[in-house]
Amino acid sequence: MRSHLFSVWRLILYPTLLHILSAALAFLCAIPILFSEITPAFAADITQAYAGAGIVIAPLVSVAFMVLSVVIHMFRLSNTRAFTQLLKWAGIWACTLGCYILLAIAADVSPPQDPESPHSHTADTIYTPQDQLNGPSSLVIPISPEKTAIDTVAAAPNLIALEQEHEELFNSYLNQSPRWSGQEGDDTFYTKPGHLIMVPPSPSGIPALVHVCFRRLVEGDPLPQGYVVVTPGSPFPEIPEDSPQIPDYAVDLGKNHLLLLAWRGSTHRETALRAINAAIEAIDIRMQPLRDAPTPETVQSMLQGRTTYPGTEPELRLCEPLAQNGTYQAELYANPGEPGVILFYIKDLKNGDTLRLLSLKAQYSENPHELFRHDIPGSLPQWSREASDGGTVHIFPHNSPIFTIKLAPQRLHFDAAFEIKFKPSDVRRPVRTLLRRCYKVQTYDSPSIETPRTDAPQA
């Protein structure tokens, strides 16, 4: 009995081991809270309740024994031992707090919901990401092929003139234009600079696309495999009636560049050729400014596009290119009126988790009736995209306007809130919300990458 009393008395006077056990218990209880995905769904609520109770009780018990030990030592006039016990307690919990911070960073905990973003989203309007973008970074361009002639391949006077007279400037534009990826040796449509997708109207609801990209051939390079080479103004080659699909065409611009076009839709010949000719005309019209003013300044102006629009209310546009489900482009039109940073939050509406956080420098002016176009995330620097995109940085190069929201098998649709906030450079001013819009989006199934990414131009 006396030995037990002595052990209890020693625990009260020197509770260092108790502090260590309490700190360890609190740290372990934090794990199922920070990493909620490791807990089975049926036991998540009760597990987190017990874990929360452990986090509260463990420090309280440690504090109680620390205070009791210090008071007894001071009553016994052992001030040195009293301060020693206090310092040991503080050191143990300081180390625990540091470990907890590291654990929270590893867990990437989502920030708490803002007052203007209520937990109940029953009143939210859910949009589909089919907005048409304005910026030159857009990889999706609508076309109207109904009245397009199909007797011959569409003329491309601007493209031919640039190829013949200003090939260096033309190539400069293509090298800097947006692209889907930079996988070396991959000859699919998703890898070439200047890649665009023309979307003709589809009254029947059947998806129909014209993939467009440029291919530069130097002496000795083979022609693209599987393409039928045509020249502007010449008749289209006959298509065999038993052909399972419309051929892919390579329009010879007369020197080193080919314009590659591939129709993906119905096998109806007239429908396909109208869409292909409409795509050639749309690309040719885009090159008119460079033909009129063939200067490096024009190239940069075309790459940048129009940056300001009249308006007072911020606007968000989101587009999902039909050729690669689960990838998105976005444009924000806003004018915060002061320098600062725009924060682009994408949150899961079901649980409020932040899935992506992108940021970029805000464009602004003192004119309240002027909105600036912000390309998200196309205007971000490469280092920022690498830190933000995680695994997808090896799929999309730094000059691609494409981003993903959530990595998982495709066709997993869910509701997401896009919250746009502005953080002023003046730290005395609070962060404010510019707008909030909700979309029905889907996950992106990342392909396995076997070759390292390269940003070398492939035009």
Side-chain angles (χ1 to χ4, degrees), residues 130 132 136 138-164 170 173-174 177 180 187-190 192-217 223-292 321-324 459:
Q130 297 177 348
Q132 295 297 336
S138 174
L139 299 184
V140 180
I141 301 175
I143 57 177
S144 300
E146 293 88 353
K147 299 180 181 179
T148 304
I150 59 172
D151 296 334
T152 59
V153 179
N158 297 320
L159 288 170
I160 293 175
L162 290 172
E163 175 76 353
Q164 297 293 331
F170 183 42
Y173 173 82
L174 295 180
S177 60
W180 286 70
D187 202 25
T188 67
F189 273 93
Y190 305 106
K192 297 295 174 285
H195 171 207
L196 305 169
I197 304 171
M198 315 306 228
V199 184
S202 180
S204 64
I206 300 175
L209 306 169
V210 182
H211 300 267
V212 181
C213 66
F214 289 92
R215 179 73 180 271
R216 182 171 183 267
L217 299 181
L223 292 174
Q225 185 177 1
Y227 290 91
V228 177
V229 179
V230 296
T231 57
S234 64
F236 279 102
E238 289 295 327
I239 302 175
E241 295 184 0
D242 58 348
S243 177
Q245 69 177 38
I246 304 300
D248 298 338
Y249 291 103
V251 181
D252 188 354
L253 300 181
K255 204 170 182 181
N256 293 320
H257 282 94
L258 297 175
L259 177 63
L260 307 184
L261 304 105
W263 162 259
R264 295 296 179 264
S266 70
T267 57
H268 187 256
R269 181 180 183 275
E270 289 189 5
T271 300
L273 296 186
R274 288 187 193 280
I276 289 173
N277 267 351
I280 297 174
E281 293 173 354
I283 291 292
D284 193 68
I285 291 173
R286 280 204 157 196
M287 296 299 168
Q288 181 72 45
L290 186 57
R291 182 186 181 185
D292 294 341
L322 300 178
Q324 195 156 337

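Just so you know, residue 1 is the first one in the sequence shown, and it goes up from there.
Proximity of R264 to D248: side-chain heavy atoms (C-beta onward) are separated by under 4.5 Å at one or more points. Counting heavy atoms from C-beta outward, R269 and F236 have side chains that approach closer than 4.5 Å. Contact check for N158 versus I285: no side-chain heavy atoms found under the 4.5 Å cut-off. When side chains are defined from C-beta on, P247 counts as touching I239, because their heavy atoms get closer than 4.5 Å.
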- Item | I141/V199 under side chain to side chain contact (heavy atoms under 4.5 Å, CB included): CA gap, chis, key distance, verdict | CA-CA 6 Å; I141 301 175; V199 184; over 6 Å; no
Does the side chain to side chain contact (heavy atoms under 4.5 Å, CB included) test come out yes or no for L174 and R216, once each step is laid out? CA-CA 10 Å; L174 295 180; R216 182 171 183 267; over 6 Å; no
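If you look at F214 and F170, their ring centroids are closer than 6.0 Å.
With values rounded to the nearest 0.5 angstrom, I143 atom CD1 is found 6.0 Å from M198 atom CE. Summarising the geometry, atom CG belonging to L217 is positioned 9.0 Å from atom NE2 belonging to H257; distances are rounded to the nearest 0.5 Å. Atom CZ of residue R215 and atom CG of residue N256 lie 12.5 Å apart, to the nearest 0.5 angstrom. The structure places CG of L162 at 7.5 Å from CZ of R291, a figure rounded to the nearest 0.5 Å. Rounding to the nearest 0.5 Å gives a distance of 5.0 Å between OH of Y227 and CG of L260.
The two atoms that bring P142 and Q132 nearest to each other are CD-OE1, 3.5 Å, heavy atoms only. Nearest approach of E163 to L253, heavy atoms of both residues: CG-O, 3.5 Å. Nearest heavy atoms, A156 versus D284: C-OD1, 3.2 Å. Shortest non-hydrogen contact noted between I246 and S266 is CG1-O, 4.3 Å. For the residue pair R286 and P136, the shortest heavy atom distance occurs at NH1-O, 4.3 Å. Counting all heavy atoms, side chain and backbone alike, E281 lies closest to A154 at CG-CB, 3.9 Å.
Partner of L261 under the side-chain contact (heavy atoms from CB on, under 4.5 Å) criterion, out of I280, I283, V230, V153: I280 alone.
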